[in-house]
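Notes follow once the structure below has been shown.
Residue numbers count from 1 along this sequence. Counting starts at 1 for both ligands and their atoms, following the listed order.
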Amino acid sequence: MLERLSNKRIVLGVTGSIAAYKAGEVIRRLRDHGAEVRVVMTRAATEFVTPLTFQALSGHPVHEHLLDTRAEAGMGHIQLARWADAILIAPASADFLARLRIGRADDLLMAVCLASNVPLAVAPAMNHQMWSDPATEDNIRVLRSRGVLIFGPDSGEQACGETGAGRMQEPTQLVGQLAEVFETGALAGLHVLVTAGPTQEAIDPVRYLSNHSSGKMGYAVAAAAFEAGARVTLVSGPVCLPVPDGVQHIPVLSAQDMYDAVMPRMEDVDIYIGAAAVADYRPELVASSKIKKDEETLSLTLVRNPDILASVKRRYPASFCVGFAAETDNLEHHARSKLHDKGVDMIAANWVGVNAGDGGFGSDENAIRLVWREGELELAMAPKTKLARELIGHIAQRYQVRHKSALTGDNVLRFTKQPDN
Ligand code: PMT
């Protein structure tokens with residue numbers, strides 16, 4: 001369950017309570033499980049613990065002020081709200097809960113909470129009389145009805161010397177509950193390499209052969225793999241898309257460049273996903289200066305490019321390899337042939353051209369016929385971002401199946417690098 005925190009971005013809000021010192025342990029545990037943490041402190045919280053402590057533990061400057069020109073230029077409240085995958089307020093004082101209930105935005109933490117639509121969890125910490133006061137009970141009821149997650153509080157001896165409910169839950173418990181808000185950590189601990197976009201095959205210094213791939217599908221797959229907890233390398237042909245957060249980006253131009261970028265990086269890759277539309281052929285000769293239109297016709301001799309997907313599987317048979325197939329006819333037949341001919345684990349086949357409907361090249365949507373040796377599945381037309389998450393879910397599932405059968409000896413795999421031929 002805790003692997004779900006891998007690659008997740010957590011805003012940790014700390015409010016004024018004696019339990020503020022425990023927030024340090026929360027930061028450490030979140031980071032231990034692969035989460036990135038940004039701390040926002042209220043003014044009252046800084047009376048209990050210095051921002052420097054949390055800066056050292058989180059590895060990032062602590063955010064304190066709503067109207068801070070430096071912070072607004074860097075990571076202001078809107079950016080922090082957008083950056084976060086979840087917000088945890090620990091400890092959450094009675095005053096903070098009351099202000100959250102009425103939606104104040106007069107300090108940075110309140111403004112971040114208000115500006116965000118990601119899961120918000122609070123870990124109340126207060127004297128037991130304050131916790132059982134009807135005003136606090138009412139605030140909690142309203143917050144819960146709005147979807148705010150209430151973690152705890154625990155009962156026991158309190159800092160004031162009294163006993164009762166109101167102690168902040170222990171950091172391990174808080175972190176465990178926070179992990180549950182994320183749906184997947186299915187690829188945590190794995191290295192996924194994704195190729196995306198078109199390749200450009202030079203004819204002369206000003207011209208090239210290419211195709212209509214925009215990179216949208218491959219970039220969505222890379223983002224979804226990162227979301228699922230993987231370390232992601234994205235080897236991409238030339239596209240006009242922002243690199244997904246957290247993903248290592250290797251830009252390339254030609255199919256040969258892509259091959260050269262992929263092969264040495266495969267050493268520690270667990271899952272390879274080839275979403276790039278790689279040119280099968282390139283001009284045999286690249287003219288050193290611009291070709292002039294002296295003749296009525298012009299012939300180019302094309303030679304085969306290396307097949308990256310097939311080479312990866314041949315050289316690294318233990319890696320789980322997923323190819324795409326872009327087809328204008330006989331989708332299923334071509335998908336099965338590619339599965340067999342390239343010896344890969346899965347093919348995500350999609351229509352391009354007139355049969356693609358709302359999907360295919362350049363579009364924001366797509367549909368996939370997912371094919372593997374023992375089965376197949378239709379992933380219906382959906383935004384590429386959503387489709388990519390579904391695809392990653394199925395890849396993770398098949399990866400686990402293959403991994404388990406390899407460990408139990410059901411499937412004989414060679415876990416060593418094979419010579420490239
Ligand atoms: O980028 P978008 O605009 O979002 O469009 C998405 C897409 C249609 C490009 C994408 O979903 C897709 O289908 N990508 C693969 C396109 C392709 O090249 O298909 P193919 O059937 O020609 O190749 C089969 C597989 O072999 C692919 O995984 C491809 O990356 C790989 N290949 C092909 C040739 C080659 N020389 N080396 C390869 O590795």
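R99 contributes no side-chain N or O that, together with a main-chain N or O of A105, makes up a donor-acceptor pair within less than 3.5 Å. A donor-acceptor pair is defined here as one N or O able to donate and one able to accept, closer than 3.5 Å; no such pair exists between the side chain of S116 and the backbone of V112. A distance-only check finds a donor-acceptor pair linking the side chain of T195 to the backbone of A276 [under 3.5 Å]. At distances below 3.5 Å, not a single donor-acceptor pair connects side-chain atoms of N139 with backbone N or O atoms of L97.
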- Item | From CA spacing to verdict: salt bridge (Lys or Arg N to Asp or Glu O under 4.0 Å), K292, D294 | CA-CA 6 Å; K292 297 295 174 196; D294 300 332; over 6 Å; no
- Item | Pair E390-K386, salt bridge (Lys or Arg N to Asp or Glu O under 4.0 Å): steps then yes or no | CA-CA 6 Å; E390 271 183 70; K386 180 168 182 284; 3.7 Å; yes
- In sequence, state the C-alpha distance, the side-chain angles, and the governing distance for R29 and D32, and then conclude on salt bridge (Lys or Arg N to Asp or Glu O under 4.0 Å). CA-CA 5 Å; R29 292 195 178 266; D32 283 351; 5.4 Å; no
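For A325, the heavy-atom gap to ligand 1 drops under 4.0 angstrom. Taking 4.0 Å as the cut-off, G218 does not count as a neighbour of ligand 1 on heavy-atom distance. A heavy-atom separation below 4.0 Å is not found between M258 and ligand 1. Under a 4.0 Å heavy-atom criterion, R304 is not in contact with ligand 1. Assignment of S363 to the shell around ligand 1 is not supported, since no heavy atom sits closer than 4.0 Å.
Among all protein heavy atoms, the one lying closest to atom 30 (O) of ligand 1 is A276 O, 2.7 Å. Among all protein heavy atoms, the one lying closest to atom 19 (O) of ligand 1 is A326 N, 3.4 Å. Summary of contacts: the protein heavy atom closest to atom 18 (O) of ligand 1 is A277 CA, 3.3 Å. In terms of protein heavy atoms, atom 27 (C) of ligand 1 is closest to F324 O, 3.1 Å. For atom 26 (O) of ligand 1, the closest non-hydrogen atom on the protein side is K342 NZ, 2.9 Å. Nearest non-hydrogen protein atom to atom 36 (N) of ligand 1 is P306 O, 3.0 Å. Scanning the protein for heavy atoms near atom 22 (O) of ligand 1, the closest one is K338 NZ, 4.3 Å. Given atom 11 (O) of ligand 1, the protein heavy atom at minimum distance is N350 OD1, 2.5 Å.
The shortest N or O to N or O distance between G362 and ligand 1 is under 3.5 Å. Geometrically, ligand 1 and K384 share a nitrogen or oxygen pair separated by less than 3.5 Å. When only interatomic distances are considered, the shortest N/O to N/O separation between L309 and ligand 1 falls below 3.5 Å.
At a 4.0 Å heavy-atom cut-off, ligand 1 does not touch H334 at all. Counting heavy atoms under 4.0 Å from ligand 1, residue D307 touches it through both backbone and side chain. For A275, every heavy-atom contact with ligand 1 shorter than 4.0 Å involves the backbone, none the side chain.
Distances below 4.0 Å separate heavy atoms of G323 from the following atoms of ligand 1: 28 (O). Of all atoms in ligand 1, listed by their number and element, those nearer than 4.0 Å to a heavy atom of G215 are 1 (O), 2 (P), 3 (O). For ligand 1 and M217, the ligand atoms under 4.0 Å from any heavy atom of the residue are 4 (O), 6 (C), 11 (O). Here is the list of ligand 1 atoms found below 4.0 Å of a heavy atom in K216: 1 (O), 2 (P), 4 (O).
Under the 4.0 Å criterion applied to side-chain N and carboxylate O atoms, K338 and E327 are assigned as salt-bridge partners. Between R398 and D345 no salt bridge is recorded (no basic side-chain N to carboxylate O distance below 4.0 Å).
Among G353, G274, S214, the residue whose heavy atom sits closest to atom 3 (O) of ligand 1 is S214. Across the listed options G197, G237, G359, S213, S213 owns the non-hydrogen atom lying nearest to atom 1 (O) of ligand 1.
Around the CZ atom of F361, the shell of radius 6.0 Å holds more than 12 heavy atoms that belong to other residues, nucleotides or ligands. Environment of NE2 in H340: sparse, with no more than 12 heavy atoms of neighbouring residues, nucleotides or ligands closer than 6.0 Å. More than 12 heavy atoms of other residues, nucleotides or ligands lie within 6.0 Å of CD in E378, so this atom counts as buried by the packing criterion.
Counted by atom type alone, Y219 and S236 present one or more donor-acceptor pairs between their side chains at under 3.5 Å.
Just one residue in the list R9, R38, K8, R4 forms a salt bridge (Lys or Arg N to Asp or Glu O under 4.0 Å) with D85, and that residue is R9.
Counting heavy atoms from C-beta outward, T199 and R282 have side chains that stay 4.5 Å or more apart.
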